[in-house]
Structure formats: C-alpha cells, structure tokens
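For reference, the structure is listed below as structure tokens.
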Amino acid sequence: MSLRNVLVVLYDGVQSLDVTGPVEVFAGLGRLPGRAGTGYAIRTVSLGGAPVRTSSGLTLVPDGDLEGERPGAGTTLLVPGGQYRADFEPRLTDWLRAHGGGAQRLVSVCTGGLLLAEAGLLDGRRATTHWYACERMARDYPGVSVEPDPIYVRDGPVATSAGVTAGIDLALALVEEDHGREPALAIARHLVVFLRRPGNQSQFSAQLAAQTARRDPLREVQQWITEHPGADLSVEALAARARLSPRHFARAFHQETGVTPGRYVERVRVEHARRLLEETGEGVAQISRACGYRTPEALRRAFVKTLGQPPAEYRRRFGPDHM
C-alpha cells in the first residue's frame, strides 16, 4: 500500500497542539507493527519555507515552501488554527484559494476553519470551529453554514473541527476511514485517548454548555441534577428543591443558564449514560434506569436525538471492550 500524503500548513501564530495532535495520529500509523511504509507521508510547509513562531512561543521549522506545493489526489491538506487575526496573511489565503480545492481532503483544526472560510473554501458547506469563533465565522462568512455544537463536521471532502483535542478526534476518524478501526484503536491507545468521539458530540459537557446560574438555589439545583441523574428531575421536583414555584423556577432557570430545565436534564442524563456505556458492562436497561429513563426505548430516543446513533451502536464503537 502506498503512502498517503498529508500536507500541513504552518504560519506565525499557529497553535502548536493543532499541528502536533493530528500529526502524531497520522505518524502513529507507521509505528505500528507491520505498518512501516504503509501510513502517511507528512510534510510541513510555510510561506517561503521560513520557521514559524507558534502562539505559545515555540518555533517550528517546516520541511519546505508552501508556495511551491500543489496538493492533488491522494493529499490531505491540513490547516491548523491559531490566534485569530482580522487581517490574514494575504499570500496564505491566496494560496489556499488557488490550490486548496485541489486536495483530495481539506481539513481544518480549530480556527483554521476561518482561514478556509476567508479563502472561500467553505462557501455552501457545513462547518464548525472553536466555540469562541463560531459567531465570528457566521457573521463574517455568511456563505458558510456554521454548526457551533459538534466537535467536527464532515461535508464531502471538507472536514472542519473544533478546538485542539477535536483535531485528534478528526484525525483518528480519518485514519479509521483510510485503514480500518483496529489501527485507529491502536493509535488511540498509544496516545491514551478515546478511539474517537462521534463528530456530532457537543464541544461541551452539559455543565459547560450551560451558563452557571447566579443565584445559589439554582446553582445547587444544577449540581443536584449532575449528581443524581436517576432521580425525579421534573420541573416540579426541581422547583421544590429551589423553594420556588414551578413557573418561577422554569423561567429563572432559563434566564440564568440559557437552557430550559428539561433540556439541561436531558444533556446531563445522556452524558451520564454515555460514560456508563463507555466505561462499564452494565446492560442498556440498567443504564436506562440509572439515568432516569423509564424504558430502554426512552434512552434510545434521547441518544439518537443527541448523538445520532442508538446506545447499542455507541457501545459497539466506544465501549470498554474497545479501549
């Protein structure tokens, strides 16, 4: 099997982990037993081939000059993120605009998606980026359909991901697509990460996705929900715990957290069920009860709605037998 090409674009201010995370995944394939010479040929490039200073102060020395590269079939072009700048280096965006579309796959990590958008390569496509830049992407590039929640989005040959670790998830997904599940799993084990999180998993845990309430009673209710996902978490029960009327509680909770009580409870329960499926051998019926669902079918509906797949399929992919 011939090597697949990965071309990584470097520039001043690039986030070092956006570069090294995916590169370690791709390079890891060639280190597996029996896989030497069958993985990826990784090449880093910058404008003029000059060393670049990352956002953390590290200096990266590229393999060559970006302007001499013409990515084509068999090449994955990787654009990592960095400190957002209102004025991108025009030679970089010009090169992306002229040649980025020629790559077999176009991949961005974090705010690298903004560079792709600036070059017009995301027009008419679904995309994501780091949560703090999603609003800016949607505002500055109206031709892009921005999805702020998923950790990565695939739209044809273009794949965009959220912050740092999401680039690792996306790279593992690409390795699995190219070479199968077992090599991707071996790389994940070596890096001590999940095989990969599904792309439509939220960038946030339930607790991070919602704002923390200002008032103590509401904050205590948020904590109670997290610690007792199998309890009665109806609006009436939660309102009683906060010593408010159900109507007042529902309105205040939404105002202070940005989500309704029901939506918050659903996020917490699905997240708890996901962890149990990943880490334990408990049956789906038992997990359903532990997470406050009356029936396995109720858990299945919540999983399909939130993660796009039923619990059984999620466990097959991410359960303890695969870690």
In the structure I gave you, are the side-chain heavy atoms of D169 and S161 within less than 4.5 Å of one another anywhere? no
How close do R125 and D155 get, counting heavy atoms only, and between which atoms? NH1-O, 3.0 Å
Please find the pair of heavy atoms, one from C134 and one from T128, that lie closest to each other, and give the distance. SG-OG1, 4.1 Å
Tightest non-hydrogen contact, residues P150 and A162, listed as O-CB, 4.2 Å
dist L77:CG -> L96:CG (nearest 0.5 Å) comes out at 6.5 Å
Please answer whether the main-chain N or O of G230 pairs with a side-chain N or O of H228 as donor and acceptor at a distance below 3.5 Å. no
Compile the donor-acceptor pairs under 3.5 Å between side chains in residues 281-292 and protein atoms, sequence neighbours left out, one pair per line.
residue	atom	partner	partner atom	Å
S288	OG	V284	O	2.7

Can you tell me if T129 uses its side chain to pair, donor with acceptor, with the backbone of C110 under 3.5 Å? yes
Minimal non-hydrogen separation, L3 against G39, with atom names: CD2-N, 3.3 Å
Can you find a pair of side-chain heavy atoms, one from V79 and one from L116, that are under 4.5 Å apart? yes
Does the distance from a Lys or Arg side-chain N to an Asp or Glu carboxylate O, for R275 and E271, drop under 4.0 Å? yes
Shortest non-hydrogen contact from A273 toward F303: CB-CE1, 3.7 Å
Between D178 and Y40, is there a side-chain donor-acceptor contact under 3.5 Å, judged purely by atom types and distance? yes
Please examine the side chains of V146 and Y141, heavy atoms only from C-beta on, and report whether any two atoms are closer than 4.5 Å. no
Hey, does the side chain of T111 reach the backbone of G82 with a donor-acceptor pair shorter than 3.5 angstrom? yes
Across all chains, not counting sequence neighbours, the side-chain hydrogen bond (donor to acceptor under 3.5 Å, both in side chains) partners of R215 are E256
In the single-linkage hydrophobic clustering (I, L, V, M, F, W, Y; side-chain heavy atoms under 4.5 Å), do L191 and I151 co-cluster? yes
E182 and E176: CA distance, side-chain angles, deciding distance, side-chain contact (heavy atoms from CB on, under 4.5 Å) verdict: CA-CA 8 Å; E182 290 308 313; E176 184 176 358; over 6 Å; no
Verify side-chain contact (heavy atoms from CB on, under 4.5 Å) between Q222 and T257, making sure each step is shown before the conclusion. CA-CA 9 Å; Q222 285 182 290; T257 68; 3.6 Å; yes
Only distances under 3.5 Å count here; give the side-chain donor-acceptor pairs of residues 59-76 to other protein atoms, sequence neighbours excluded, each with its distance to 0.1 Å.
residue	atom	partner	partner atom	Å
D63	OD2	T44	N	2.9
D63	OD2	T44	OG1	3.2
D65	OD1	G48	N	2.9
D65	OD1	E67	N	2.9
E69	OE2	R43	NE	2.6
E69	OE2	R43	NH2	3.3
R70	NH1	E67	O	2.9
T76	OG1	R105	NE	3.1
T76	OG1	R105	NH2	3.2

Separation of W224 CH2 from T226 OG1 (nearest 0.5 Å): 11.5 Å
Check L238 against V265 and note the closest heavy-atom contact, atom names and distance. CD1-CG2, 4.2 Å
Is the shortest heavy-atom distance from the side chain of V107 to the side chain of L170 under 4.5 Å? yes
State, yes or no, whether a side-chain contact exists between L115 and F88 at a heavy-atom distance under 4.5 Å. yes
Check this for me, if you would: do R91 and D94 make a salt bridge, where the nitrogen-to-carboxylate-oxygen distance has to be below 4.0 angstrom? no
Side chain to side chain, R300 and K305, heavy atoms closer than 4.5 Å: no
Within a reach of under 6.0 Å around CD of Q104, are more than 12 heavy atoms found that belong to other residues, nucleotides or ligands? yes
Report the C-alpha distance between V8 and V23 in whole Å, list the side-chain angles of each, state the deciding distance to 0.1 Å, and finish with yes or no for side-chain contact (heavy atoms from CB on, under 4.5 Å). CA-CA 8 Å; V8 184; V23 164; 4.0 Å; yes
Under 3.5 Å donor-acceptor pairs involving side-chain atoms of residues 240-250, not counting sequence neighbours:
residue	atom	partner	partner atom	Å
S245	OG	H248	N	3.1

Dump the intermediate steps for salt bridge (charged side-chain N to carboxylate O under 4.0 Å, His left out) on R31 and E24, then the final yes or no. CA-CA 10 Å; R31 293 194 289 262; E24 286 292 340; 3.2 Å; yes
Can you list everything that forms a salt bridge (charged side-chain N to carboxylate O under 4.0 Å, His left out) with R263? Sequence neighbours excluded, please. E266
Roughly how far, to the nearest 0.5 Å, is the CZ atom of R53 from the OG atom of S16? 11.5 Å
Between L174 and H179, is there a side-chain heavy-atom distance shorter than 4.5 Å? no
Give a yes or no on whether the backbone of P90 and the side-chain of T93 come within a donor-acceptor separation of less than 3.5 Å. yes
Check this for me: does any side-chain nitrogen of one of E177 and R154 sit under 4.0 Å from a carboxylate oxygen of the other? yes
What distance do S56 atom OG and L17 atom CG have between them, rounded to the nearest 0.5 Å? 7.5 Å
Would you say the side chain of I187 lies within less than 4.5 Å of the side chain of L172, judging by non-hydrogen atoms? yes
Pairwise distance CG(L299) to CG(L277) - rounded to 0.5 angstrom: 7.0 Å
Hey, is the main chain of R269 close enough, under 3.5 Å, to the side chain of R274 for a donor-acceptor pair? no
Between CG of L47 and CD of E89, what distance do you get to the nearest 0.5 Å? 5.5 Å
Residues which pass side-chain hydrogen bond (donor to acceptor under 3.5 Å, both in side chains) with R301, listed by chain and number, not counting sequence neighbours: none
Could you check H190 against L32 for side-chain contact (heavy atoms from CB on, under 4.5 Å), going step by step and ending with a plain yes or no? CA-CA 10 Å; H190 178 74; L32 298 179; over 6 Å; no
Is the side chain of D18 donor-acceptor paired with the backbone N or O of G81 at a distance under 3.5 Å, no angle test? yes
